[in-house]
Amino acid sequence: MNDRPLVIKFGGTSVGGGAQFIRAATIAADAARNRPLAVVVSAMSGTTDTLIGFARSSVSSGTREGSVAELHRSLAERHLKAAREAVSEEYLPEVEERLLVLLNRLIETIEAPATDQAARKAGIAVFGERLSSVILAGVISSQGIPAAVVDDDPIATVGSFSASDVDADTTRERCAGYVAPLLDDGFVAIVPGYVGRSPEGSPTTLGRGGSDLSATVLGRALGSDEVWIMSDVDGVLDADPRLVPDATLLPRLSYREAGDFASLGAKVLHPKTMEPASETGIEVHVRNTFAPERPGTRVSGFEEGPGVRCVALRRNFAVELPCVSRRHRKEAAAVIGIGSPDEGDLARGRRSLREAGIEAVHSGIAPVGLVFVVFEEVADAALLVLHGSVIAAPAPAGEVA
Ligand code: ASP
Ligand code: MG
């Protein structure tokens, strides 16, 4: 038995309704039978959008009573429904009560006089994760494994109220104080993702999609060697599947490759997720909540070896072409082949574009990998062509440097 805590993070669609909560809880309960477990939860999908939209459209003084009541009604309905579908009779009254207490606190936060709008917005946005955490703790408990929500926001931040920077040392202390004792007592510790706490004790956020980062930050603070990021896709694919229908699963990636891919737009991971992981050598597994038996993508610190792993598309890459007049700007995009390419890879990419009749305004090798700048109107086509030509065959499974 490994006694280093495992951290599992569930994304918003993995807790999108009662049935999904049950799946997520089953994965957590199974894992908790073998080792200490902390679970990071996102808000039920769509909830954060609702909360932020509400915070934006209302300043504390101008909030209309009717719209506050409507927000309360819709959040209560959705969360109570999920709880009733997924929590056993034994735990349901407590879960319902906690949800209603949280919703009342949300209303108080909305109606409190606020001078700092950024602080107010963060204070409202964090309620999605607080609500989903209460339900998940109830569902895991219903499956016979004791679980408790960590209410004290263990992740300490500095700087702004949104997309705040993490204070790793204070976070370690707070985790030792609020998370580790629960694990020692045999509880699954449920930590609301995305939520941070300022030095003054106010709620902050890690930025949109920040629950992934919460998971590796927590893993680093708890001395974990493994973090699972559970979502509704099989892992990290080698291109955006909406643009490249035959995008394939990447069995493994280095921290650098995964971090670069996330920074260049891969939606499955928050761009900063890999920083705490690479710092302390935590293996990150990206898996599908709805098919957890599939291998997913393993991200770790191995020597990547040569070749391109995946391709990303950056739009709105305005370039001024030397051959046209100064007034004439043309929208361009960049296709980036992430990995460690060589001149041969670059030549292959250029040739494939030429054969497809696509002009590359610029192409070359940058620290991140291959870069091909093309006009916006052929960007999707260029991505498809380059996906087919520059990606190296994956290293054989099991070969770890
Ligand atoms: N709920 C937050 C968001 O929607 C954080 C997350 O899901 O990772 O951005
Ligand atoms: Mg996400």
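Start at 1 and go down the list; that is how both ligands and their atoms are numbered. What you see is a predicted model; the values in this text were computed from it and never measured. All heavy atoms count here, side chains included; hydrogens, waters and symmetry mates do not.
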Query - Distance (rounded to the nearest 0.5 Å) between Arg287 CZ and Arg298 CZ - result: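 The CZ atom of Arg287 sits 10.5 Å away from the CZ atom of Arg298.
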Query raised in the report: Just checking, Arg252 and Phe302: is the charged tip under 6.0 Å from the six-membered ring centre and within 45° of the axis?
Result: yes
Report task. Say whether Gly12 and ligand 1 are in contact under the criterion: heavy-atom distance to a ligand atom below 4.0 Å. Result -> no
Query raised in the report: With a 4.0 Å cut-off on heavy atoms, does Gly128 reach ligand 1?
Result: no
Report task. Go through the steps to decide whether Arg315 and Asp380 satisfy the test salt bridge (Lys or Arg N to Asp or Glu O under 4.0 Å), and finish with yes or no. Result -> CA-CA 10 Å; Arg315 296 188 191 277; Asp380 289 2; 2.8 Å; yes
Requested in this report: For Arg208, take its heavy atoms, then give the atoms of ligand 1 lying under 4.0 Å from any of them.
Outcome: 3 (C), 4 (O), 9 (O)
Requested in this report: Report, in ascending order of atom number, the atoms of ligand 1 lying under 4.0 Å from any heavy atom of Ser211.
Outcome: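 Matching atoms, with element in brackets: 5 (C), 6 (C), 7 (O), 8 (O).
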Looking only at distances, please establish whether an N/O atom of ligand 1 is found under 3.5 Å from an N/O atom of [X].
X: Lys9; answer: no
X: Gly209; answer: yes
X: Glu129; answer: yes
X: Asp212; answer: no

**Report entry** Nearest non-hydrogen protein atom, atom 7 (O) of ligand 1
**Finding:** Ser42 OG, 3.1 Å
Query raised in the report: Given Arg84 and Glu89, is the salt bridge (Lys or Arg N to Asp or Glu O under 4.0 Å) satisfied, shown in steps?
Result: CA-CA 9 Å; Arg84 285 167 192 153; Glu89 260 173 50; over 6 Å; no
Query raised in the report: If only atom types and distance count, is the side chain of Arg56 paired as donor or acceptor with the main-chain N or O of Lys121 below 3.5 Å?
Result: no
Report task. Examine distances only and state if a side-chain atom of Arg120 and a backbone atom of Ile110 form a donor-acceptor pair shorter than 3.5 Å. Result -> yes
Query raised in the report: Counting heavy atoms only, which part of His270 comes closer than 4.0 Å to ligand 1: side chain, backbone, both or neither?
Result: neither
Report task. For Phe372 and Ser363, work out which heavy atoms get closest and say how close. Result ->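 Shortest heavy-atom contact: CD2-CB, 3.5 Å.
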